[in-house]
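What follows is a single structure, written as structure tokens, with notes after it.
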Amino acid sequence: MNKIPSSEITPEKVYSRRNFLKKAAMVTAGAGFLAACQPNAAAVINGITATAPASDATQPAASAATDELGRNLTSFKDITSYNNYYEFSLGKEEVARLAKDFKTNPWSVEVSGLVNNPGTYDVDQLITKFDEEERIYRMRCVEAWSMVIPWLGFPLSKLLAEVEPTSEAKYVRFVTLLDKDQMPGARSDMFPWPYIEGLRLDEAMNDLTLLSTGLYGKQLLPQNGAPLRVVVPWKYGFKSIKSIVKIELVKDMPISLWMNVAPHEYGFYANVNPNVNHPRWSQASERVIGSNARVDTLLFNGYEEEVAHLYKDMDLSLWY
Ligand SMILES: Nc1nc2c(c(=O)[nH]1)N[C@H]1C(S)=C(S)[C@@H](COP(=O)(O)O)O[C@H]1N2
Ligand SMILES: [Mo]
């Protein structure tokens, strides 16, 4: 296994536009998280030989070379050039080019609905207000491929605490920007835009759930959902909605874009579960992007210890 030399593990701190004064806490916070999170390690990692990210000069460093299971981080190049972002294109390898000039500054997010303190926040304001941490998470796409990504961000729970959901609020509904001038894929009538996702309030409040503004110590690029996206690592990737403009606290379960398009294939919960196949393919294993390895898919994507309690009364044989 290739490791980034310890001399290189200081995350890049150069931000062109934002002032990440609070980032000193980042490495410490990231390490604390890793120590607290050691599920199912040995069984799954045998035989993984991901390519060495450190050999590429354009490859930034993260605070560790692997996740807590020993899986190598996916390279910056792969994370930023193999993307699902249907508002730009259905072609994963052309999203980056089509999104290159996407305007992400200024950008504000409306937080509204069943809350005591609704507000509209500028993204720069959020970054100054909440300490950013690095979180190394596995990302498992429902299409049965996966990456390991060193995100920068802060727990969504911090923003929710600020707006104070009322006792009526049971779910959180997220909405992506819809701008057909800038998003060529969104000009197609194939999907009922805008992209919408939702979480139960307790899922949204779980410490793993992030609002992310960066990865590998740099600001997010448009193809990864700049300037602000959700990351929910125990759920299939489509739940991690990009470029959000609205966060709404609601009483009823939101209908996501994917539930709307194909309710039998993509449900509300979408928790990673190797025992429940997609109607058209197996979910038992996954292709590791950047290597020739296939690894077993883990229940809740390996975050069982942190999230299984959220579903203790639910039938997990229902993948949705
Ligand atoms: N708005 C929006 N968010 C989205 C998508 C999308 O098409 N539009 N694709 C989802 C899917 S299917 C995946 S796997 C992840 C991919 O994130 P990444 O490109 O940053 O790896 O984004 C999710 N968020
Ligand atoms: Mo996905």
Side-chain angles (χ1 to χ4, degrees), residues 73-100 102 104 107 109 135-153 173-180 182-188 190-199 209-216 218-247 254 256-262 265-267 270-272 278 280-281 283 286-290 297 301 319:
L73 300 196
T74 306
S75 71
F76 182 76
K77 184 159 185 297
D78 284 339
I79 296 170
T80 57
S81 62
Y82 187 82
N83 302 101
N84 273 334
Y85 200 161
Y86 280 15
E87 289 89 329
F88 288 96
S89 173
L90 273 54
K92 294 176 178 42
E93 279 153 43
E94 67 171 8
V95 169
R97 178 175 57 80
L98 294 170
K100 183 169 55 69
F102 183 55
T104 58
W107 190 283
V109 188
R135 296 276 186 102
I136 296 172
Y137 285 163
R138 292 172 288 287
M139 195 190 62
R140 172 55 159 85
C141 177
V142 73
E143 298 162 341
W145 52 264
S146 66
M147 300 188 184
V148 181
I149 303 180
W151 300 105
L152 282 183
R173 180 177 180 271
F174 305 92
V175 184
T176 296
L177 178 76
L178 175 57
D179 181 349
K180 295 186 186 200
Q182 295 197 78
M183 298 168 145
R187 289 171 212 152
S188 149
M190 236 165 83
F191 294 97
W193 311 110
Y195 198 99
I196 288 170
E197 261 307 336
L199 293 171
T209 305
L210 287 194
L211 282 176
S212 172
T213 57
L215 57 86
Y216 268 116
K218 298 166 172 289
Q219 274 177 226
L220 282 182
L221 292 172
Q223 60 266 36
N224 294 109
L228 187 71
R229 58 106 44 100
V230 175
V231 180
V232 199
W234 71 95
K235 294 179 180 282
Y236 289 115
F238 64 85
K239 298 294 291 184
S240 292
I241 179 173
K242 295 177 169 179
S243 308
I244 51 173
V245 290
K246 189 170 179 180
I247 299 174
S256 68
L257 175 137
W258 286 110
M259 291 164 77
N260 201 343
V261 169
E265 301 199 353
Y266 309 105
N271 291 320
V272 175
H278 185 279
R280 292 183 280 133
W281 58 83
Q283 295 293 25
E286 62 207 49
R287 186 165 58 90
V288 178
I289 299 298
T297 290
N301 206 21
W319 83 304

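First listed ligand is number 1; within each ligand, the first listed atom is number 1.
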Face-on cation placement of Lys218 at Phe76 ring, 6.0 Å and 45° thresholds:
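Flagged: Lys218 positioned over aromatic ring of Phe76.
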Verdict with supporting geometry, Trp258 and Tyr86, ring pair (Phe, Tyr, Trp, His ring centres under 6.0 Å)
CA-CA 12 Å; Trp258 286 110; Tyr86 280 15; 5.8 Å; yes
What distance separates Tyr195 OH from Glu87 CD, expressed to the nearest 0.5 Å?
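Tyr195 atom OH to Glu87 atom CD measures 7.5 Å (nearest 0.5 Å).
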Should the pair Lys92-Glu143 be classified as a salt bridge under the 4.0 Å nitrogen-to-oxygen rule?
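A salt bridge is present here (some side-chain N lies under 4.0 Å from a carboxylate O).
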Go through the structure and list residues passing ring-ring contact (aromatic ring centres under 6.0 Å, His included) with Tyr85, not counting sequence neighbours.
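Counting only residues at least two positions away or on another chain, Tyr85 forms a ring-ring contact (aromatic ring centres under 6.0 Å, His included) with Phe88.
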Do we see a donor-acceptor contact under 3.5 Å between the side chains of Arg140 and Thr297?
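Yes.
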Give every pair formed by an N or O atom of ligand 1 and a protein N or O atom closer than 3.5 Å, one pair per line with both atom names and the distance to 0.1 Å, or write none.
residue  : atom   : partner : partner atom : Å
ligand 1 : 1 (N)  : Glu87   : OE2          : 2.9
ligand 1 : 1 (N)  : Thr176  : OG1          : 3.0
ligand 1 : 3 (N)  : Lys242  : N            : 3.2
ligand 1 : 7 (O)  : Tyr86   : N            : 2.8
ligand 1 : 8 (N)  : Glu87   : OE1          : 2.8
ligand 1 : 9 (N)  : Asn84   : O            : 3.2
ligand 1 : 17 (O) : Arg229  : NH2          : 3.2
ligand 1 : 17 (O) : Lys242  : NZ           : 3.4
ligand 1 : 19 (O) : Asn83   : ND2          : 2.9
ligand 1 : 19 (O) : Lys242  : NZ           : 2.7
ligand 1 : 20 (O) : Asn224  : ND2          : 3.0
ligand 1 : 20 (O) : Arg229  : NH1          : 2.9
ligand 1 : 22 (O) : Arg229  : NH2          : 3.4
ligand 1 : 24 (N) : Ser240  : O            : 2.9

